[in-house]
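The structure under discussion appears below in the form of structure tokens.
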Amino acid sequence: MERAQQGPRARYREQTRAEIKDLALRQLAEGGGTALALTRIAKEMGLSGPALYRYFAGRDDLLNALIRDAYDDAAAAMARAAARSAKGSRGVRARLHDLAEAYRTWAIAEPHRYLLIQGAPVPGYVAPADTLERARAVLGPFLPLFATGSPGPAVAATVDEMTAWLAADGTVGAWVARYAPEAAGTPDTPAGKARAASALAGAVLAWTQLHGSVSLEVAGQFAGMAHRGGTLLGAHMEMLADAFGLDQAPA
């Protein structure tokens, strides 16, 4: 009986929280993170300020929810793309392009949400610690692709640094193991360490290429130029695939 009585209240609370987040996203789309104003949201909803704080403790609490949602949605989009791409006989290089385009597609469709998690920090705001795992979930599908690589001289220094990072931070190794178990299956052998370091280096380098190219496109910096954002990103991924020897037979 008590659960039945609480059900409608819980649903109303979630509906109200969703409406608050929708209005907050509209503000972000109009003016970025600094435009977020709880008083405006309360006024649009016909709520008093104190009533709004029953749903979110303050601006930072609302930002936390929006950032978690954005990371989770981006991670879900990447996971779907990885699952689609893994079907059939597509090579690793083609799958890398699939993932990069999925990342770009999500960012272009959700520019204000993308900029919330990848753009300039909101002044005075510190993201909660759990966003780290959510960010790693977005990049996780890249790990098994680069675990198959044979890194060349151009990325050797980065691979060395990733090897040191894996040795120093167990959470990083756990992240690699979760998404690329074949790379971490024999972590104490030279071959296992090399695969894990290749996976991590590739994912980190893919992130920097994605972030640079996609952020410029989302911010409108390519306006008036002759190239397509997807063409530029594809070129970045080709160079990265070459650097890691993806789809190349071992020498």
Side-chain angles (χ1 to χ4, degrees), residues 6-81 99-139 141 207 210-225 228-230 232-233:
Q6 290 178 345
R9 288 200 297 271
R11 286 195 296 273
Y12 176 77
R13 177 178 176 80
E14 288 308 306
Q15 289 169 359
T16 304
R17 281 174 59 89
E19 186 177 354
I20 292 170
K21 289 193 286 187
D22 285 345
L23 290 171
L25 288 173
R26 188 189 308 168
Q27 290 183 358
L28 291 174
E30 292 170 354
T34 57
L36 188 61
L38 271 66
T39 52
R40 274 182 54 203
I41 293 173
K43 184 175 181 180
E44 287 191 51
M45 295 183 65
L47 296 173
S48 66
L52 189 69
Y53 286 102
R54 291 203 298 266
Y55 301 97
F56 291 98
R59 183 204 68 165
D60 286 4
D61 189 32
L62 178 54
L63 278 171
N64 289 346
L66 296 176
I67 287 172
R68 288 180 178 121
D69 287 351
Y71 272 124
D72 290 347
D73 285 354
M78 295 302 293
R80 289 192 298 270
L99 290 182
E101 187 56 32
Y103 184 97
R104 174 177 172 266
T105 298
W106 184 85
I108 291 172
E110 305 274 2
H112 50 293
R113 301 179 76 201
Y114 173 80
L115 291 173
L116 179 64
I117 59 176
Q118 298 291 347
V122 177
Y125 172 75
V126 178
D130 62 28
T131 56
L132 175 59
E133 285 303 311
R134 288 177 157 86
R136 287 177 174 175
V138 177
L139 296 178
W207 169 61
L210 289 163
H211 178 66
S213 182
V214 172
S215 294
L216 286 170
E217 184 176 8
V218 169
Q221 295 299 315
F222 294 158
M225 302 176 73
R228 292 177 52 252
L232 185 64
L233 184 59

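Position 1 is the first residue of the sequence; numbering continues from there.
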Might you point out which heavy atoms bring [X] and [Y] nearest each other, and give the distance in Å?
X	Y	answer
A100	L233	O-CD2, 3.5 Å
Q27	L36	OE1-CA, 3.2 Å
S48	A42	O-CB, 4.1 Å
T131	I67	CG2-CG2, 3.7 Å
L99	P141	CD1-O, 3.5 Å

Just how far is it from atom [atom1] of [X] to atom [atom2] of [Y], taken to the nearest 0.5 Å?
X	Y	atom1	atom2	answer
L210	E101	CG	CD	10.5 Å
E110	L25	CD	CG	8.0 Å
E19	I41	CD	CD1	10.0 Å

Heavy-atom donor-acceptor pair, R17 side chain to Y55 backbone, under 3.5 Å
yes
Output yes when a side-chain donor or acceptor of R13 lies under 3.5 Å from a complementary backbone atom of R54, and no otherwise.
yes
So do the side chains of [X] and [Y] get within less than 4.5 Å of each other, counting heavy atoms only?
X	Y	result
R26	E30	yes
R40	L23	no
P128	R68	yes
L232	L216	no

Yes or no on side chain to side chain contact (heavy atoms under 4.5 Å, CB included) for L116 and L63, after CA distance, side-chain angles and deciding distance?
CA-CA 9 Å; L116 179 64; L63 278 171; 3.9 Å; yes
Go through it in stages, so that I can follow the logic: the residues are L38 and Y53, the test is side chain to side chain contact (heavy atoms under 4.5 Å, CB included), and I'd like the CA-CA distance, side-chain angles, deciding distance and then a yes or no.
CA-CA 9 Å; L38 271 66; Y53 286 102; 3.9 Å; yes
By side chain to side chain contact (heavy atoms under 4.5 Å, CB included), A74 pairs with (sequence neighbours left out) W106, V138
For E14, the salt bridge (charged side-chain N to carboxylate O under 4.0 Å, His left out) test, sequence neighbours excluded, returns none
Run the numbers on L132 and Y71 for side chain to side chain contact (heavy atoms under 4.5 Å, CB included), then give the verdict.
CA-CA 10 Å; L132 175 59; Y71 272 124; over 6 Å; no
Should the pair H211 and Y114 be assigned to parallel (<30°), tilted (30 to 60°) or perpendicular (>60°) ring geometry?
tilted
When you check the gap from the basic side-chain N to the acidic O, do R134 and D130 get nearer than 4.0 Å?
yes
Candidate pair L62 and K21, rule side chain to side chain contact (heavy atoms under 4.5 Å, CB included), full reasoning
CA-CA 7 Å; L62 178 54; K21 289 193 286 187; 3.9 Å; yes
